[in-house]
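Written out below as structure tokens is the structure these notes cover.
Computed from heavy atoms alone, side chains included, the values below leave out hydrogens, waters and symmetry copies.
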Amino acid sequence: MNITINQVLQSYIDPLTASEYAALERSLLAEGCRDALVLWNDVLIDGHNRYAICRQHGIEFKTIQNTSFTSLDDVMLWMIDNHLARRSVSDFQRGVLALRKKEIVAARSPAPVSAQDAPDGENAPKPPMSTREEVAKAARLSSNQISQIEKIQKAASPELVEAVRSGTISINAAATVASLPPEEQVAAVAGGKKLLRQAAKEIREQRAATRTPREPKVHVSQDTPETGNEPWADNAAQAPTETERLRGEIASLKQRNAQLQAENIELNQRIAALIDAS
């Protein structure tokens with residue numbers, strides 16, 4: 001039987017960890033391949049890991065055809081929905097899959113009708129999966145998490161993406177660290193989970209310190225006219241600029257310290273590599 005592996009479709013599958021792959025391998029060796037592999041013509045669309053293990057050990061397997069698809073996009077959407085329904089898929093991967101679904105649906109949908117071209121008294125219909133809320137619902141995540149995943153996809157280095165995919169760092173922290181230059185992201189990842197968390201914490205502190213403070217709310221009775229000489233007027237007009245400035249300097253120094261620690265780790269790794277090479 002000729003089975004084709006489509007690399008684009010295979011990329012939709014979150015790779016198993018070493019322990020997960022070993023557990024699946026033990027199960028197949030002990031019990032055989034009980035679930036049939038799913039094909040679309042000769043293209044494998046479900047069961048990639050089982051297929052690889054069965055071929056490696058000569059384990060027999062069955063196949064079934066799914067004839068409901070008319071295009072590769074249909075297959076992609078089916079695979080996405082199939083993986084979104086699985087409990088083992090991480091929050092990050094579900095968000096990535098839902099965003100991929102949004103792209104496919106948008107490409108298949110007709111051009112949106114403008115308000116001017118819509119019939120009188122009717123609102124122009126919105127294409128499906130066009131809002132962040134709809135994407136979040138499909139992924140069973142919050143809109144804020146989808147926004148963070150979009151930021152990670154746009155700005156994160158490959159090393160940082162792998163860290164959040166493997167669970168070394170949370171989606172929230174990864175989106176924060178993604179605001180650093182790529183080389184600093186790589187250095188933070190090289191420093192491990194502790195340094196990643198510290199970098200995210202210090203970036204948040206720096207943002208909080210540089211954020212413009214809100215003016216204090218002052219309750220004024222509507223029955224009492226303001227003269228400008230009220231005892232609270234001077235205090236309300238003064239913003240704690242010196243305190244905020246000092247906090248900003250402290251946060252900046254902490255961030256610089258984290259960067260230096262990351263550089264020190266990288267230098268030690270290079271020295272160790274040179275020693276091994278000699």
Side-chain angles (χ1 to χ4, degrees), residues 90-100 102-103 130-219 232 234-269:
S90 68
D91 287 352
F92 177 73
Q93 186 64 7
R94 284 206 309 275
V96 170
L97 289 171
L99 287 169
R100 286 179 179 171
K102 175 187 176 183
E103 294 176 357
S130 60
T131 66
R132 187 170 289 156
E133 288 73 19
E134 290 177 300
V135 176
K137 184 178 180 181
R140 304 197 305 279
L141 300 173
S142 69
S143 298
N144 187 47
Q145 286 175 305
I146 293 297
S147 177
Q148 291 170 343
I149 292 173
E150 287 178 312
K151 183 176 181 180
I152 292 169
Q153 289 182 313
K154 292 177 181 177
S157 66
E159 293 82 359
L160 182 58
V161 172
E162 177 58 27
V164 67
R165 190 200 68 78
S166 64
T168 302
I169 185 174
S170 67
I171 295 173
N172 185 15
T176 303
V177 175
S179 63
L180 294 173
E183 61 274 10
E184 293 182 19
Q185 295 180 36
V186 174
V189 173
K193 181 183 296 186
K194 185 176 181 180
L195 187 55
L196 278 168
R197 290 178 177 174
Q198 183 66 21
K201 178 183 177 182
E202 291 176 358
I203 292 170
R204 294 191 192 104
E205 289 177 349
Q206 187 178 27
R207 288 175 178 172
T210 56
R211 191 178 297 124
T212 303
R214 296 180 179 178
E215 294 184 3
K217 295 182 179 180
V218 180
H219 175 72
W232 45 262
D234 291 339
N235 292 334
Q238 294 176 359
T241 54
E242 182 65 16
T243 301
E244 297 297 331
R245 185 184 67 80
L246 291 174
R247 287 178 180 173
E249 289 183 3
I250 292 171
S252 179
L253 289 172
K254 285 183 178 180
Q255 184 179 6
R256 180 56 183 160
N257 180 50
Q259 293 172 357
L260 290 173
Q261 290 180 10
E263 292 175 3
N264 184 48
I265 292 172
E266 185 178 3
L267 287 173
N268 287 334
Q269 290 175 341

Could you tell me which non-hydrogen atom of [X] sits nearest to which non-hydrogen atom of [Y], and how far apart they are?
X: Arg204; Y: Ala173; answer: NH2-CA, 3.5 Å
X: Ser157; Y: Gln185; answer: N-OE1, 2.7 Å
X: Ala98; Y: Ala139; answer: CB-CB, 3.7 Å

Any side-chain to backbone donor/acceptor pair from [X] onto [Y]? Under 3.5 Å, distance only.
X: Ser179; Y: Ala175; result: no
X: Glu150; Y: Leu99; result: no
X: Gln145; Y: Ser142; result: yes

What is the distance from atom [atom1] of [X] to atom [atom2] of [Y], rounded to the nearest 0.5 Å?
X: Phe92; Y: Gln148; atom1: CZ; atom2: CD; answer: 11.5 Å
X: Asn172; Y: Ile149; atom1: CG; atom2: CD1; answer: 11.0 Å
X: Ile171; Y: Ile146; atom1: CD1; atom2: CD1; answer: 8.0 Å

Among Lys201, Arg207, Gln206, the one residue meeting side chain to side chain contact (heavy atoms under 4.5 Å, CB included) with Ile203:
Arg207
Is it the case that the side chains of Ser90 and Gln93 hold a donor-acceptor pair, with the cut-off being a distance below 3.5 Å and no angle test?
no
Taking atom types as modelled and ignoring hydrogens, do the side chains of Gln198 and Glu202 form a donor-acceptor contact shorter than 3.5 angstrom?
yes
Could you tell me whether Arg165 and Glu162 have a side-chain N and a carboxylate O separated by less than 4.0 Å?
yes
Does Leu160 reach the side chain of Leu180, with side-chain heavy atoms less than 4.5 Å apart?
no
